[in-house]
Each structure stands twice: as structure tokens, then as C-alpha cells.
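Note on naming: letters A, B, ... go to the chains in the order of the sequence lines (proteins, then strands), and numbering restarts at 1 for each one. For the numbers below, each heavy atom of this structure counts, side chains included, while hydrogens, waters and symmetry mates do not.
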Amino acid sequence: MSKKVRVRFAPSPTGGLHLGGVRTVLFNYLFAKQQGGDFILRIEDTDQGRFVPGAEEYILDTLRWCGLEPDESPVHGGPYAPYRQSERKPSYRQYAEQLVKDGYAYYAFDTPAELEEMRVRFKTAENPSPQYNQQIREQMRNSLTLDAGETQRLLAEGTPHVIRIKMPANETIRFTDMIRGEVSFHTSQVDDKVLLKADGMPTYHLAVVVDDYAMKITHAFRGEEWLPSAPVHLLVWKYLGWESEMPEWAHLPLILKPDGNGKLSKRDGDRLGFPVFAMDWTDPKTGETTIGFKERGFLPEAFVNLLAMLGWNDGTDNEIFSLPELIEKFSIERVHKGGAKFDYEKAKWYNHEWIKKLGVGSLELGVKAEFEKKGILIADEDALLPKVIELVKDRCTLLPDFVQQGSFFFQAPTTVEVDAIKPKWDDKKNLFFTELIRGYELSNTWEAQGLENEFKELAAANHLKPGELMLPFRIMLVGGKFGPGVFDIAALIGMYETVNRIKHTLGLLQ
RNA sequence: GGCCGGUUCGUCUAUCGGUUAGGACAGCCCCCUUUCACGGGGCAAAGACGGGUUCGAUUCCCGUACCGGCUACCA
């Protein structure tokens, strides 16, 4: 019996959660749930300069909307608290010091200015970004170059310093990535990353190891951008003596911008006109709001579905999966290695599929909200809405489309495209509609088929082709050339509205 | 520049050495529809390049090219 699977998503609370982040959550979640494991949310707030108020709540809200609720988190609690790195601060220093004591790390007293100077000094055409590595560290102010007494003095005086990992000279670090297979790095090419910052906070490199260890994480999923620093993490696991408990790693492929190349960013969404964040995010500093998939009218089912298909498939032609189906079918072996360009058109297709697939009941709340956003109030006891949804859902891609496709059921069209009728309008047609009004007003039943029969009989009696009359009728009822079957519409809006709208348009045609 | 990773239609992808290289989105055409959609049918569209290995490579290996990621006291 192997130990219980525990995975974590560890975002830093710096702003809205974007597509790539949510997909990382998704793959974490799917893997954990399939294995009967736990999904943990851990907030990586070690960079106090980048902390953004509200971001943590936003992340929780987003996960909730997606249906990817954590088993443990800062708000859900759990046996491995704290779930915010800042609250674990005291313990990081201890581990960093231990590494120094064991000779795996060292104190560095270089000031930011000195580091900058080093980068300038060693910068050449061949080496545009010099690293604090095995060669360079010999020329810097650290406990490797300073004698012990001097180091002690500086520390005793409270000189600002960081703790850096001391990369071994000549080792090959290998590990098996669940997605990429065997990956290896040579330590001579890896720099001495800072583990503990001058403010006493750990960098990601230390914190991720200490926290994953403390929280008994068994599998670590993260974006491909972390691959280059993996050897640092592997070494920290080893140096801290925890190697046997190190999680398995999986580096997920990136989500790329649709045009050109490169990681998808918020900017691309702004530029190309599609959301990148899961939900609306308002920057507390600028007050600027960035649109989210939710507010654009995406269903969480579709959002999760489309994210899952960015880099994974089950090997069949099936593309539509519910969350439970994904949990059942997901396999890390089938996750791609290469990045995927985000295609907004395809994203909309997923939403359309889900709108068609979902029953009226699941759509009702969201659709009602869209109408109310546009100032069209729909009473709870109004039985009309479900019928309208049923009638128009097949032609709606995003939630706001329901307003476009269905507002005329609730209120007479504000503009009527009479110009589409006028050219072929004549007295015979005018007479027909006048008689139609009289006929409809006398109807003792009011349902689509009956209305259609009556319409056609009257047309025949007037020696008119129904085809010439349907379009005008449609325009009278909905205002334009769109919508479901005209008689279905007439049946739903009722005799009073039907007759009124005909009369109104007849007036416009005078 | 260095290190690491990646590379099948425009896009997302299937293929676990032998296929007319399949599906989906988008595009175009047709049908259905007395509107617009939905739906149905069809067309067009791909293995970066060069070497190996092999009876046979999209598939395995090497090189090249191209793309990306990283190269912070950010994650």
C-alpha cells in the first residue's frame, strides 16, 4: 500500500489567475482525485513586495467557480497548517542555517549594487547574463571568500545577507519527470541560487522544498518554466536529508499565445480581445478590471473541459468531458510535452457544446443573471424563461447570447427592421395581416401548430404564398431576421403581444 | 550567449515501425430550414531538414534548423 497521494497548487497572490494556472490546478486535481488523494492550496506569499490584497480570496473564488475545491487551504484548514508561506517564516531560516552548517550553502553579503556591478563587469557578448556561479562566487563577498572571523563579525553586526546554495562542481543531476521522462542537468551550469533572502523570507527554491516536505506532498506538478531550477530543488531535498520523501515531478507544457509564439499573457488577451483570467480581476492599485471567462459568459463545465484538452486527450475522438469523466479518464502519461497555442474560437465551441448539452435547469440561473444585467427583469414565478431557454439554447455560444436571442420574448423589440419588409410590401399583405389580427383575436386555442394552420389557410384564401408572409411576420414579432420558429414565438408571447406587435409594425408601414 | 525543453493540417490533436496519416475548431461548398442557427454531407489542409538503424520509419538514434522556457534577494 503506497502512501496517500497529496498534491498542491502553490500560486503567489499577485493578481488574477490565468488559464495556465487554472490548468495546473486542474491537472493536480484530476490526478489527486483519481488516486483518491488530496488537493492542497498553498499560498506562496514570500515576496512581500509583490503581495496584492484580495488575490488570495480571488484564487479561492476561482477554484470554487471551477468546481476544483481544495481539501486543505488557508481557509479550509487541514492538518498541515499553515497554508501560507509567510506564516511559516521562522522555520525557513533554520533549514537554511542547517545547510550552511553542513557545507551545502553559504552566507553572501553582496549588496544589490554590488550584484549589479558584478553583472555589468562580467557581461560580454558571449555571456549577456552572468550568473552568481562557482567561478563568480570566488570574487564576491561571502562566507566562502571571507575568513571565518570576518563572517562572524558581519553576522554579529547584523549585516544584511542572503544564504545561497553552493552548487557542487561536477555532478550530473538526474530525475524522471512524469511527463518528460529522464531529464538531466550538469551542476557546473547551474548558479548558486538564493535560498534565504535578506528579509529572512525564503525564496521559492527553499520554500517549495520545505513546504512540500512539511505537507507530505507526493507529486509536484508545475509549469515548464520551472524545469531549469529543478536541479536546485533536487539538491535541496538531498542536502536536507529528505531525499527518500521527495515528490515525483511533472512539468506541464506551457499555454502559448495564439499568434506568434511565447507564453500566453494577460496582454495577449487585451490585445486580441479574449479573456485570459478565469474570472474578472480588479487590480486594487489601478482599479482596472480585466475580464474573466466567467463574466464573458463561459460555463465552468466548458472552461474546465477546454483547459483539460489543452495538452491532454484520452486517445479517442471524444472532446467533451465533464469533471467526473475527466477524473476517471485522466492520465499523466497522456499529457503532452509541447506547449499549446490557445485558440479562442475553439474555446467558444466548447461553451456552445456545453450549453447544448446542459439541461434548462442548469442554465436558468446564469441566463436570468444575463437578462438582469441588461435591465430585463424576469420574475421567479415566470414560467416563460425555461421555455425560452429551451427554444434558443442551440443558437447561443456564450451566456449573453441568450439576451440577444431571447429578449423579444420578454419585451417588444425596441427597433423593428421595417426596411426589410418595405420593398415588397403592398395592400394585399396589409390586408392579410389585418385579417390575421382579427383571426388570432378570435382564436380559442393558442398553440404553435394551430397558429401556423390558421396563418396558412388565410394566406391561401388571399392567394398569397406563405413564404412571402413569414419574414414580415417574423420581423413584426422579433424585430429582425433571427430567432426560432415564428409560430413558436407567437405561441409563447401570447395573443395580446402577438397582435400588438403586428399592429405596431403595420403602423410603421403606413 | 549558456543551459534545458519542444517540433504531425492555420489551430488543438490521434498514431505506442507497416494507416489512402484519423478526428475536432476555423475556412469553403452542398443539403435541411419559407429567418438565423442547430443538424447532416463534402472539399481543402500536416509528419521542419539531413543522416543513420530497419525489409519498412511520422514513430527509434544522431546532427542541423526553427520555436519556447530559464538565466532576480519574482514566483
For A:Gln134 against A:Ser188, the heavy-atom pair lying closest together: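 Reported closest heavy-atom pair: NE2-CA, 3.4 Å.
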Taking only side-chain N and O atoms of [X], does any of them lie within less than 4.0 angstrom of OP1 or OP2 on [N]?
X: A:Thr316; N: B:rG23; result: no
X: A:Asn313; N: B:rA14; result: yes
X: A:Lys356; N: B:rG39; result: yes
X: A:Lys346; N: B:rU13; result: no
X: A:Arg119; N: B:rC73; result: yes

Considering only [options], which nucleotide approaches the side chain of [X] most closely?
X: A:Arg474; options: B:rA75, B:rG69, B:rU35; result: B:rU35
X: A:Ala340; options: B:rA14, B:rG6, B:rC12; result: B:rC12
X: A:Glu319; options: B:rC74, B:rA24, B:rC4; result: B:rA24
X: A:Lys197; options: B:rA75, B:rC3, B:rC12; result: B:rA75

Does [X] reach a base, just sugar-phosphate, or nothing at all? Heavy atoms under 4.0 Å.
X: A:Gln131; value: sugar-phosphate
X: A:Leu254; value: sugar-phosphate
X: A:Pro112; value: base
X: A:Ser184; value: sugar-phosphate
X: A:Ser129; value: base
X: A:Lys465; value: nothing
X: A:His336; value: sugar-phosphate
X: A:Lys348; value: nothing
X: A:Pro258; value: nothing

Atom pair distance, as rounded to whole Å: [atom1] in [X] and [atom2] in [N]:
X: A:Tyr132; N: B:rC3; atom1: OH; atom2: C1'; value: 21 Å
X: A:Tyr204; N: B:rC73; atom1: OH; atom2: C1'; value: 17 Å
X: A:Asp343; N: B:rG27; atom1: CG; atom2: P; value: 11 Å
X: A:Phe321; N: B:rC12; atom1: CZ; atom2: P; value: 18 Å
X: A:Lys481; N: B:rU33; atom1: NZ; atom2: C1'; value: 15 Å
X: A:Asp45; N: B:rC74; atom1: CG; atom2: C1'; value: 13 Å
X: A:Trp226; N: B:rC70; atom1: CH2; atom2: C1'; value: 10 Å
X: A:Leu227; N: B:rG5; atom1: CG; atom2: P; value: 7 Å

[atom1] spacing across the pair [N] / [M], given as an integer number of angstrom:
N: B:rA48; M: B:rU7; atom1: P; value: 10 Å
N: B:rG69; M: B:rA26; atom1: P; value: 28 Å
N: B:rC49; M: B:rA44; atom1: C1'; value: 26 Å

Answer yes if the side chains of [X] and [Y] hold a donor-acceptor pair under 3.5 Å, and no otherwise.
X: A:Tyr204; Y: A:Gln85; result: no
X: A:Arg334; Y: A:Asn313; result: yes
X: A:Arg141; Y: A:His161; result: no
X: A:Thr316; Y: A:Asp314; result: yes

Salt bridge (charged side-chain N to carboxylate O under 4.0 Å, His left out) assessment of A:Lys428 paired with A:Glu468: CA-CA 11 Å; A:Lys428 285 182 73 179; A:Glu468 299 177 76; over 6 Å; no
B:rC61: syn or anti, per glycosidic angle within 90° of 0: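 Chi for B:rC61 falls in the anti range.
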RNA chain B-proximal residues of residues 387-404 of chain A, any heavy atom under 4.0 Å: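 Contacts with RNA chain B under 4.0 Å: A:Asp394, A:Arg395.
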Quiz item: A:Lys193 side-chain donor-acceptor pair to B:rA72 base, under 3.5 Å: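 Not at all, since no donor on one side and acceptor on the other fall under 3.5 Å apart.
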Distance flag, aromatic centroids of A:Phe293 and A:Phe303, threshold under 6.0 Å: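 Yes - the distance between ring centres of A:Phe303 and A:Phe293 falls below the 6.0 Å cut-off.
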Side-chain donor or acceptor of A:Arg474 paired with backbone N/O of A:Phe482 under 3.5 Å: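 Checked: pair present.
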Inter-residue atom distance A:Glu56.CD - A:Asp45.CG, 0.5 Å rounding: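 Answer rounded to 0.5 Å: 7.5 Å.
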